Amino acid sequence: MRNEHDSWKGVVVVCHDITKIKQLENIRKDFVANVSHELRTPITSIQGFVETLLDGNEHDEEIVKKFLNIINKESRRLNALIEDLLELSTIEKDDFTLYKSHFYVTELMHDVDQVVENQLKEKGLTRDLYVDESIALYADYNRMYQLILNLYSNAIQYTPGGGHIEWNVTLDEGYIKFQIHDNGIGIPKKNQGRIFERFYRVDQDRSRQTGGTGLGLSIVKHIVEAHEGIIKLESEEGEGTTIIVLIPQKI
């Protein structure tokens with residue numbers, strides 16, 4: 001800075017804190033890298049088996065059937081991943097809207113329970129639902145359905161055969177409390193802070209083998225936040241996991 005006589009009076013330094021900008025850039029880079037990796041895996045698998053079937057050689061019928069089953073499995077996984085990405089993109093938009101209505105929680109839990117019934121039987125899992133029939137909730141039914149289904153499916157995925165899953169839905173100081181507990185593999189303490197991140201998996205191999213996309217719990221977190229709710233995690237490695245969702249009760 002100079003005065004009217006063109007003599008130095010001092011220096012002005014302007015600083016901008018770009019920490020958040022850098023963090024967002026890193027999140028974006030990680031997201032793009034993760035999406036690319038997750039998409040490449042099933043696509044490479046599908047491409048490899050298709051090329052084998054089209055190589056002009058005679059293939060045993062059983063081998064062809066095996067390859068087609070793998071292609072079908074990988075294509076379903078790819079479709080599930082794309083659907084979850086679209087869902088997450090929709091929920092994260094600034095103009096995302098909830099379509100709220102009044103409904104009984106027993107109706108919601110019953111509808112989801114019917115969808116996962118075959119999954120429970122296939123793994124030999126038992127489950128208990130403890131829900132007060134009088135509890136009504138003012139929320140977006142479809143989004144809450146998605147939330148419960150994702151939590152349910154996640155518990156099934158990480159609970160070994162013969163395990164048990166328990167739901168408790170209660171009123172808790174102005175909130176409706178959804179609590180799901182399983183006696184599955186649990187989550188190590190060091191991983192618990194990242195469990196709701198996109199594409200983060202505690203057990204990479206198990207998740208991919210069962211068709212998990214790594215986006216389910218991230219979607220759950222966004223739905224909870226859209227309802228101005230709270231989500232909590234309690235887990236011990238080898239002993240199981242409890243996830244608690246608190247949705248404000250509207251009277």
Side-chain angles (χ1 to χ4, degrees), residues 27 84 87-88 91-92 105-106 108-113 115-117 119-120 123-132 135 137 139-140 143-249:
I27 290 173
D84 279 354
E87 281 292 337
L88 195 57
I91 295 170
E92 288 182 333
V105 175
T106 49
L108 171 67
M109 300 303 296
H110 176 72
D111 288 348
V112 177
D113 194 51
V115 172
V116 301
E117 186 175 1
Q119 296 178 52
L120 291 166
K123 290 196 69 174
L125 303 177
T126 57
R127 61 94 177 90
D128 285 313
L129 299 177
Y130 298 107
V131 186
D132 187 335
I135 296 179
L137 177 62
D140 186 318
R143 293 300 176 185
M144 289 301 300
Y145 178 98
Q146 188 178 21
L147 180 152
I148 299 300
L149 180 59
N150 279 347
L151 289 179
Y152 220 150
S153 298
N154 200 68
I156 292 171
Q157 181 175 324
Y158 291 102
T159 302
H164 184 72
I165 297 172
E166 180 177 303
W167 278 99
N168 285 276
V169 184
T170 57
L171 295 176
D172 186 1
E173 298 181 353
Y175 291 89
I176 294 179
K177 179 180 178 182
F178 294 84
Q179 177 174 298
I180 181 171
H181 172 76
D182 65 67
N183 60 354
I185 63 174
I187 304 168
K189 292 290 185 184
K190 64 180 181 179
N191 301 114
Q192 292 181 17
R194 301 187 60 191
I195 201 66
F196 296 107
E197 291 181 14
R198 293 174 292 188
F199 293 115
Y200 189 78
R201 298 183 177 98
V202 175
D203 189 332
Q204 298 279 353
D205 293 335
R206 179 190 296 264
S207 184
R208 287 201 174 90
Q209 289 169 7
T210 55
T213 64
L215 295 171
L217 289 182
S218 183
I219 291 173
V220 165
K221 182 182 179 183
H222 280 83
I223 293 174
V224 171
E225 291 175 345
H227 283 87
E228 300 179 353
I230 301 167
I231 188 166
K232 302 176 182 178
L233 172 74
E234 300 170 1
S235 186
E236 290 290 336
E237 188 174 6
E239 296 184 12
T241 300
T242 299
I243 293 181
I244 299 168
V245 170
L246 299 170
I247 303 296
Q249 183 185 12

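Please read these numbers as outputs of a predicted model, since none were measured by experiment.
Here the CD atom belonging to Gln157 is positioned 8.0 Å from the OG atom belonging to Ser153, to the nearest 0.5 angstrom. The NZ atom of Lys177 sits 13.5 Å away from the CD1 atom of Ile247 when rounded to the nearest 0.5 Å. Rounding to the nearest 0.5 Å places CG of Leu246 at 9.5 Å from CD of Glu173. Atom-to-atom distance recorded for Leu217:CG and Leu151:CG is 6.5 Å, nearest 0.5 angstrom. In this structure, CG on Leu171 lies 4.5 Å from CD1 on Ile135, to the nearest 0.5 angstrom. From Leu149, atom CG reaches atom CD1 of Ile156 across 8.5 Å, with rounding to the nearest 0.5 Å.
Heavy-atom minimum distance, Gly229 versus Pro248: CA-CD, 3.9 Å. Taking each heavy atom of Leu129 and Tyr152 in turn, the nearest pair found is CD2-OH, 4.1 Å.
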- prompt: Could you walk me through whether Arg127 and Leu125 pass the side chain to side chain contact (heavy atoms under 4.5 Å, CB included) check?
  reply: CA-CA 7 Å; Arg127 61 94 177 90; Leu125 303 177; over 6 Å; no
message: side chain to side chain contact (heavy atoms under 4.5 Å, CB included) for Ile244 and Ile180? Distances and angles first, verdict last.
response: CA-CA 7 Å; Ile244 299 168; Ile180 181 171; over 6 Å; no
- request: Decide yes or no on side chain to side chain contact (heavy atoms under 4.5 Å, CB included) for Ile148 and Trp167, but give the supporting numbers first.
  value: CA-CA 10 Å; Ile148 299 300; Trp167 278 99; 3.8 Å; yes
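For the side chain to side chain donor-acceptor pair (under 3.5 Å) test with His164, the passing option among Asp128, Asp182, Asn183 is Asp128; the others fail.
Contacts of Thr106 classified as side chain to side chain contact (heavy atoms under 4.5 Å, CB included), with partners at least two apart in sequence or in another chain: Tyr104, Val131, Glu133. Residues meeting the salt bridge (Lys or Arg N to Asp or Glu O under 4.0 Å) test with Asp132, sequence neighbours left out: none. By the side chain to side chain contact (heavy atoms under 4.5 Å, CB included) test, Asp140 is found to be paired with Leu98, Tyr99, Asn142, Arg143, His227, residues two or more places apart in sequence or in another chain being considered.
In this structure a side-chain-to-backbone donor-acceptor pair under 3.5 Å is present from Ser235 to Ile187. The backbone N or O of Ile231 lies less than 3.5 Å from no partner atom in the side chain of Lys221, so there is not a single donor-acceptor pair.
Counting heavy-atom neighbours within 6.0 Å of Tyr175 OH, excluding the residue itself, gives a total of 12 or less.
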